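The next block holds one structure in the form of structure tokens; read it before the comments.
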Amino acid sequence: MGVINHNQNLTRSLPEKQAQADLIRLCREYRRRLGFSIEYHHVKGHLDKVLRWDQLTRVQRENCIVDSVARTALLDAFLDDTYISSIFPHEQVVVKVDGKRVTGSPTTAIGRTWGYKVARELFHSRKIVDRKHFRLIYWDGVESCMKTFPTMFRVWVTKHVSHFCGTNRKLSRIDPTVLNTCPSCGCINEDTSHVVRCPSPGRTAFYNDSVSDLIEWLKEADTDPQLVYMIEEFLSGRGDVKVASLFAHDLPIYGFLASLMDEVGFDSFVEGRILTVLVDFQFAHYQEIPTRWTVERWAKGLIQRLLGLTHRQWLYRNAVVHFKGPDGYTHAEHERILSKMQDFLWVDPQDLLPRDRGLLNENFESLGSSPAACELWIAAMEVAISAAEHARRQDDPSSHRRRVTTGPDYAPRTVEIVPIVDTEGSIRYKRRRRRKKD
């Protein structure tokens, strides 16, 4: 209907985002060149699929005949690889971006083409997707799927894919006190790829349950049985199994797809970057069976569940990190408190004021049974050290550089800004307001 409405008024400008703008401009040019007036009317297409031929009007029959002729000509051109020029007679303006004709918004076409090239180089430079594999990924499905996610889930996907998630490898670069080890299995170098590869028993059992749920959904979605078997083996191997060897002899055509999946990699698959060839295989399967599923819906559902599988592993990992015991403290907080207490035990009592030396005579065995009491003792020690340094500067101004030593590598700070760790493992720092000088 938009084509008809825009063709009725030759003086009205077309919106920048107008679909089929090239066709509308061409029809307007034809109207200007004709010596008589034309009035457009909408005729519903493909009515021969819902009505008998004798029930159609003359105009509707002509429309069905034209559709049939156009479809036959298109198929012949595709089979013979012979096409007419994309520049039509009397067409005054043709917009092309990267060699492709623009039929809608030029801004959108330029933005998508430029974004595609920039994303390809960025993914290649960060070793996420190789440049030669970028065109093999079903990006339309990824875009369609991302639009359905809540905002914060899209934020997590972006951080995870770009390797900026709050793993200990990333947090150790921000905070040197964080160890770059997996909180579940203790393996060194907990990077993004380790999230779905962690060999700890709990994480592995949870991962296998997620894979089983995905396979059940694939069967409910009328997926090609060979694809179900291929995806199940690929996910169960967790990057250590080459599925191409499973189809090399019996089904070579599936072996070609499996080799592409092995080449693009396990990480791309569990992050939702499925192959266009995989979607084509499923489309061919749907053409052979009676089903109400569409390949677009199938691909969208697969991408959603693959990202969900990875996100469930991330949630399990965070549950381990942020789990609080009966005392309300996490394991990392217990380690931090214990480390600070051990540093303060190096303090020389003579470096403290006489009234504060009793802090080093506490019963540390009973004190260690309560993390809250330990934090109070640590706070009292920090105040005592600051008070001793202040008194020393008052008595001897030349000794203002001397500090109380608390350990081989410990340098206490009088003001500490505690980082806030959110549920995604990211660190935020609160900025304190400065007091106004009197």
Side-chain angles (χ1 to χ4, degrees), residues 1-10 12 14-15 17-31 34 36-84 86 88-89 91 100-105 108 138-145 147-148 217-225 227-228 274 276-304:
M1 293 297 294
V3 175
I4 295 176
N5 294 334
H6 287 295
N7 277 328
Q8 299 291 8
N9 190 346
L10 300 180
R12 185 172 60 182
L14 294 177
K17 297 182 179 180
Q18 176 64 45
Q20 300 178 341
D22 58 336
L23 177 61
I24 297 175
R25 287 194 298 266
L26 183 60
C27 291
R28 285 185 170 188
E29 182 62 24
Y30 288 161
R31 285 195 61 187
L34 293 175
F36 51 87
S37 60
I38 297 177
E39 185 176 353
Y40 291 93
H41 295 278
H42 178 254
V43 180
K44 292 184 179 180
H46 312 291
L47 287 177
D48 53 335
K49 295 182 179 180
V50 295
L51 297 176
R52 298 193 311 271
W53 190 257
D54 60 333
Q55 293 177 321
L56 301 176
T57 65
R58 182 181 62 83
V59 176
Q60 292 171 345
R61 292 178 183 178
E62 292 175 353
N63 193 35
C64 293
I65 293 174
V66 171
D67 286 339
S68 177
V69 172
R71 182 168 54 252
T72 302
L74 183 61
L75 290 175
D76 292 341
F78 177 76
L79 295 175
D80 298 338
D81 196 22
T82 55
Y83 303 94
I84 64 173
S86 61
F88 300 108
E91 192 168 15
K100 297 181 180 179
R101 182 187 180 99
V102 177
T103 61
S105 169
T108 302
Y138 186 54
W139 291 112
D140 290 340
V142 175
E143 180 183 11
S144 176
C145 188
K147 291 179 180 179
T148 64
W217 176 85
L218 288 173
K219 294 178 181 178
E220 294 174 0
D222 297 332
T223 307
D224 186 342
L227 296 185
V228 174
I274 63 177
T276 304
V277 182
L278 179 66
V279 181
D280 294 337
F281 270 70
Q282 183 58 26
F283 176 75
H285 179 68
Y286 278 157
Q287 295 294 103
E288 299 175 355
I289 63 172
T291 181
R292 298 180 65 89
W293 280 82
T294 63
V295 71
E296 292 80 11
R297 178 187 171 195
W298 177 85
K300 185 176 179 180
L302 177 58
I303 295 172
Q304 288 175 338

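Since this is a predicted model, take the numbers as computed values, not measurements.
- A salt bridge links R101 and E91; the closest N-O separation between the charged side-chain nitrogens and carboxylate oxygens is under 4.0 Å.
- Around the CZ atom of R58, the shell of radius 6.0 Å holds no more than 12 heavy atoms that belong to other residues, nucleotides or ligands.
- D22 and T103 are not linked by any side-chain donor-acceptor pair at a separation below 3.5 angstrom, with hydrogens and angles left out of the test.
- Here the closest heavy-atom approach between residue L26 and residue P89 is recorded as CD1-O, 3.6 Å.
- Of the possible polar contacts, none joining the E288 side chain to the H285 backbone as a donor-acceptor pair under 3.5 Å is found.
- Qualifying side chain to side chain contact (heavy atoms under 4.5 Å, CB included) partners for A221, counting only residues two or more places apart in sequence or in other chains: W217, T223, Y286, W293, W298.
- Between R31 and R28, the closest side-chain pair of non-hydrogen atoms is not below 4.5 Å.
- The two residues D67 and G45 make their nearest non-hydrogen contact at OD2-CA, 4.3 Å.
- A distance of 14.0 Å separates CZ in F283 from CG in L278, rounded to the nearest 0.5 Å.
- Counting heavy atoms from C-beta on, the side chains of P225 and K219 never come closer than 4.5 Å.
- I303 places none of its side-chain heavy atoms less than 4.5 Å from the side chain of K300.
- Residues forming a side chain to side chain contact (heavy atoms under 4.5 Å, CB included) with K49 (at least two apart in sequence, or on another chain): H46.
- Note that CG of L47 and CG of N63 are 7.5 Å apart. Values are rounded to the nearest 0.5 Å.
- Looking at residues two or more places apart in sequence or on another chain, you find no ring-ring contact (aromatic ring centres under 6.0 Å, His included) involving Y138.
- Here the closest non-hydrogen pair linking C64 and L56 is SG-CD1, 4.2 Å.
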### Task
With side-chain contact (heavy atoms from CB on, under 4.5 Å) as the test, would you mind laying out the steps for L74 and R71 before giving the verdict?
CA-CA 5 Å; L74 183 61; R71 182 168 54 252; 5.7 Å; no
### Message
Could you walk me through whether Q60 and E62 satisfy the side-chain contact (heavy atoms from CB on, under 4.5 Å) test, starting with their C-alpha distance in whole Å, then the side-chain angles of each, then the deciding distance to 0.1 Å, before giving a yes or no?
### Response
CA-CA 5 Å; Q60 292 171 345; E62 292 175 353; over 6 Å; no
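- You'll find the side chain of I274 stays beyond 4.5 Å of the side chain of V142, heavy atoms only.
- Looking at L227 and L218, their side chains never come closer than 4.5 Å, going by heavy atoms from C-beta outward.
- A donor-acceptor contact under 3.5 angstrom links the side chains of T148 and Q304, judged on distance only.
- Residue I289 holds its CD1 atom at 10.0 Å from CD of Q287, rounded to the nearest 0.5 Å.
- Although no hydrogens or angles enter the test, the distance criterion places no donor-acceptor pair under 3.5 Å between the side chain of S144 and the main chain of D140.
- D224 approaches Q282 most closely through the heavy-atom pair N-OE1, 3.1 Å.
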